[in-house]
A.B. asks: 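Have a look at the structure that comes next, please.
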Amino acid sequence: QMCIRDRCNTVLIVDDNLFNVKTLGILLKNLGYEIASASNGSIAIEKLVNAKKKMCSQDCVAFRYIFMDYDMPEMNGEEATEQIREMQASKQIEIKPRLKIILNTANASSKFRKDIFDAFLSKPIKIVELKKVLLACKCCLLYTSP
């Protein structure tokens, strides 16, 4: 199976904790990604819709990946991801291939749902695990750590 590539290299970090956003952002910038952030699920959906309107090409997926925290005010990560998946299914936003959403929270494995999330990454983040998740998602595979 070939990896589908797009020209967009921006990652959306959705987390209400600024320290977590900065920490993951630094790691991702060091790996060559550009960073956008949102402090809750509602803002993330708004950024996704607006970014899709400004896409750089027809093949662009607006964001390469979304790292989604679970516990946030207003709209949590699970609710936001469910809404994004519903918007994709109903063609309110057309993103092909499926937008990669990575659950990024403490005890991620206990909150991970295969039907909406593509992978999980537990906090605190380890660079080795981050690279494994990115590689697996880039190649359309599901990676879950033991």
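Just so we're clear, the structure is a prediction, and the values are computed from it rather than from any experiment.
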A.B. asks: Using a strict threshold of under 4.0 Å (side-chain N to carboxylate O), is an ion pair present between Asp15 and Lys22?
C.D. replies: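 Judged by the 4.0 Å cut-off on N to carboxylate O distance, Lys22 and Asp15 do not form a salt bridge.
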A.B. asks: I want to check something: taking the side chain as every heavy atom from C-beta on, are Ile45 and Gln83 in contact at a cut-off of under 4.5 Å?
C.D. replies: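 A side-chain contact under 4.5 Å exists here.
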A.B. asks: Taking 4.0 angstrom as the limit, do Glu82 and Arg113 come out as a salt bridge?
C.D. replies: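 So Glu82 pairs with Arg113 through a salt bridge.
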A.B. asks: Identify the heavy atoms of Asp16 and Pro73 that sit nearest to each other, and give their distance.
C.D. replies: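 Residues Asp16 and Pro73, closest heavy atoms: OD2-CD, 3.5 Å.
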A.B. asks: Rounded to the nearest 0.5 Å, what separates atom CG in Leu28 from atom CZ in Arg64?
C.D. replies: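 These two atoms lie 12.0 Å from each other.
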A.B. asks: Does some side-chain heavy atom of Ile101 sit less than 4.5 Å from a side-chain heavy atom of Ile116?
C.D. replies: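 Ile116 does not reach Ile101 side chain to side chain.
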A.B. asks: Determine whether Leu48 and Met87 fall in the same hydrophobic cluster, where Ile, Leu, Val, Met, Phe, Trp and Tyr are linked whenever their side-chain heavy atoms lie under 4.5 Å apart.
C.D. replies: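 Yes; tracing contacts between hydrophobic side chains, which count when under 4.5 Å, links both residues.
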A.B. asks: Quick test of your reading of the model: are Asp118 and Arg85 salt-bridged, counting only N-O distances below 4.0 Å?
C.D. replies: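 Looking at Asp118 and Arg85, the cut-off is met.
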A.B. asks: Could you tell me the separation between the CE atom of Met75 and the OG atom of Ser39, rounded to the nearest 0.5 Å?
C.D. replies: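 Those atoms lie 12.5 Å apart.
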A.B. asks: Begin with the C-alpha distance, continue with both residues' side-chain angles, and end with the deciding distance and a verdict on side chain to side chain contact (heavy atoms under 4.5 Å, CB included) for Lys123 and Asn20.
C.D. replies: CA-CA 9 Å; Lys123 295 176 188 172; Asn20 293 337; 3.2 Å; yes
A.B. asks: For the residue pair Thr81 and Phe117, establish whether any side-chain heavy-atom pair is separated by less than 4.5 Å.
C.D. replies: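 The answer is yes, as the side chains (C-beta and beyond) meet within the 4.5 Å cut-off.
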A.B. asks: Do Lys131 and Leu31 make a side-chain contact, defined as non-hydrogen atoms from C-beta onward lying under 4.5 Å apart?
C.D. replies: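 In short, these two side chains touch, coming nearer than 4.5 Å.
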A.B. asks: Do Phe67 and Leu24 have side-chain heavy atoms sitting under 4.5 Å apart?
C.D. replies: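 Yes, their side chains come closer than 4.5 Å.
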A.B. asks: Do Val49 and Leu12 share a hydrophobic cluster, counting only Ile, Leu, Val, Met, Phe, Trp and Tyr and linking them when any side-chain heavy atoms are less than 4.5 Å apart?
C.D. replies: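 The answer is yes; both residues are in one hydrophobic cluster.
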A.B. asks: Check whether Ile13 and Leu130 end up in the same hydrophobic cluster, where Ile, Leu, Val, Met, Phe, Trp and Tyr are linked by side-chain heavy atoms less than 4.5 Å apart.
C.D. replies: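 Same hydrophobic cluster.
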A.B. asks: Between Glu129 and Lys132, does any side-chain N to carboxylate O distance fall below 4.0 Å?
C.D. replies: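 Yes, charged N to carboxylate O under 4.0 Å.
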A.B. asks: Is a donor from one side chain sitting under 3.5 angstrom from an acceptor on the other, for Thr105 and Asp69?
C.D. replies: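 Per modelled atom types, Thr105 and Asp69 side chains form a pair under 3.5 Å.
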A.B. asks: Mind checking whether Val14 and Ile66 have side chains closer than 4.5 Å, heavy atoms only?
C.D. replies: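 A side-chain contact under 4.5 Å exists here.
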A.B. asks: Mind listing the closest non-hydrogen atom pair of Lys47 and Phe63 along with its distance?
C.D. replies: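 The answer is O-CE1, 3.9 Å.
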A.B. asks: Tell me the closest heavy-atom pair linking Glu78 and Tyr70, and the distance in Å.
C.D. replies: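 Looking at all heavy atoms of both residues, the closest pair is OE1-OH, 2.7 Å.
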A.B. asks: Quick check: closest heavy atoms across Val133 and Leu121, and the distance to 0.1 Å?
C.D. replies: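 Reported closest heavy-atom pair: CG2-CD1, 4.1 Å.
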A.B. asks: Decide whether Ile127 and Val21 are clustered together by the hydrophobic rule: side chain heavy atoms of Ile, Leu, Val, Met, Phe, Trp, Tyr closer than 4.5 Å, transitively.
C.D. replies: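 Hydrophobic grouping puts Ile127 with Val21.
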A.B. asks: CG of Leu103 to OG of Ser122: how many Å apart, nearest 0.5 Å?
C.D. replies: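 Interatomic distance, Leu103 CG to Ser122 OG, rounded to 0.5 Å: 8.0 Å.
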A.B. asks: Any side-chain heavy atom of Asn40 sitting closer than 4.5 Å to one from Asn76?
C.D. replies: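 They are not in side-chain contact.
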A.B. asks: For the residue pair Ile84 and Met68, establish whether any side-chain heavy-atom pair is separated by less than 4.5 Å.
C.D. replies: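 The answer is yes, as the side chains (C-beta and beyond) meet within the 4.5 Å cut-off.
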A.B. asks: Shared ILVMFWY cluster between Ile102 and Val128, side chains joined below 4.5 angstrom?
C.D. replies: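 Yes, one cluster joins them.
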A.B. asks: Write down the atom of Ala80, the atom of Gly41, and the distance for their closest heavy-atom approach.
C.D. replies: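 Scanning both residues completely, I find the closest heavy atoms to be CB-CA, 3.5 Å.
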